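Step one of this worksheet: look at the structure below.
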Amino acid sequence: MYVSEKEGIHPSKAREHHNAVKDVIVRKALKAAKLKLSDIGIISFSQGPGLPPCLLVGMGKAKELAKKARIPLVGVNHCISHLEIARKLTKAKDPVLLYTSGANTQIIAYEGGKYRIFGETLDQGVGNFIDAFARHMGLGFPGGPKIEQLALKSRNYIELPYVVKGMDVSFSGLLTNLKQKLDSGRYRQEDLAYSLQETIFAMLVEVAERAMAHTDKKELVLGGGVACNARLQEMCRIMCRERRAKFFAPERQFLVDNGLMIAWQGILQKKHWTKDYDAVDIKPYQRTDDVDVDWR
Ligand code: FE2
């Protein structure tokens, strides 16, 4: 396991985990697809952003396979892949993406040749924030689904800090506030879970809606593990209905991180396919708007 109940994801343990499972995963994927390595035409991998120890394992395996099969290799941006797989699998053509996961919280849309970040978290990702509070509650990891279940038991909203700064959101002050409330013993866990969800999802939906208004886009798609939350989806659906926009959520297996989105992004980026394997490297700090979108 690469996560601990207390601390969440640990980079070097995550690397060990990735190393331990990489061969099995490729074998299983080929078997499930009824393909052999010789049937594959291109190898695509996530170049960034992410934890360098983990990205290096992925790239190492990708290079090994590409060299063995003598086929092109391409590195892609993880965040953009969420948006492109949503475009591929839903009817969305030019959407705003609300990308909410453990490490990432961004509102992304296409404008002037790039995927621009219209809003993002100023500190931690929304998923990590939820997990941190769930751990403080003693719920273990991952905390998102447990908080979601707890929240269903309450309708009692407790006032919490609502932190939207311009187009950005922030969670660290809210985390401190929630911990203090829990530790005071004056609040029920389910009320805090409910209030947490109502507050942070309202923040995210507000910023996503403003991005749609600014860019004049009429579609919203979701990406990332937190986007599996039924309440977040409901709030997005209501917001879109009210402004006569369309709302799309890919099915769960393609909302969370998945190999398909990386593969599809690699197919899109044909101009970057290369057999000069040594020239390819990870980009742990690559931002969404660093990438020139030359496939649209
Ligand atoms: Fe992701």
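Counting starts at 1 for both ligands and their atoms, in listed order. Each residue takes its place number in the sequence, starting with 1. None of the values given here were measured: they were computed from a predicted structure.
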Table please: side-chain donor-acceptor pairs of residues 37-54 below 3.5 Å, with sequence neighbours left out.
unit_1 : atom_1 : unit_2 : atom_2 : d
Asp39  : OD2    : Lys36  : N      : 2.7
Ser44  : OG     : Ile262 : O      : 2.6
Gln47  : NE2    : Asp281 : O      : 3.0

Looking at CH2 of Trp273 and CD1 of Ile267, how far apart are the two atoms once the value is rounded to the nearest 0.5 Å? 7.0 Å

Between Gln106 and Tyr115, a side-chain donor and acceptor under 3.5 Å: no

Under-4.0 Å salt bridge between Arg231 and Glu234: yes

Look at Glu16 together with Lys13 and state whether they make a salt bridge at an N to O cut-off of under 4.0 Å. no

Do Phe129 and Ile200 pass the side-chain contact (heavy atoms from CB on, under 4.5 Å) test, and can you show the C-alpha distance, the side-chain angles, and the key distance before you say yes or no? CA-CA 10 Å; Phe129 155 77; Ile200 60 171; 3.6 Å; yes

Within a radius below 2.8 Å of the Fe ion (ligand 1), how many protein N, O or S atoms are present? 4

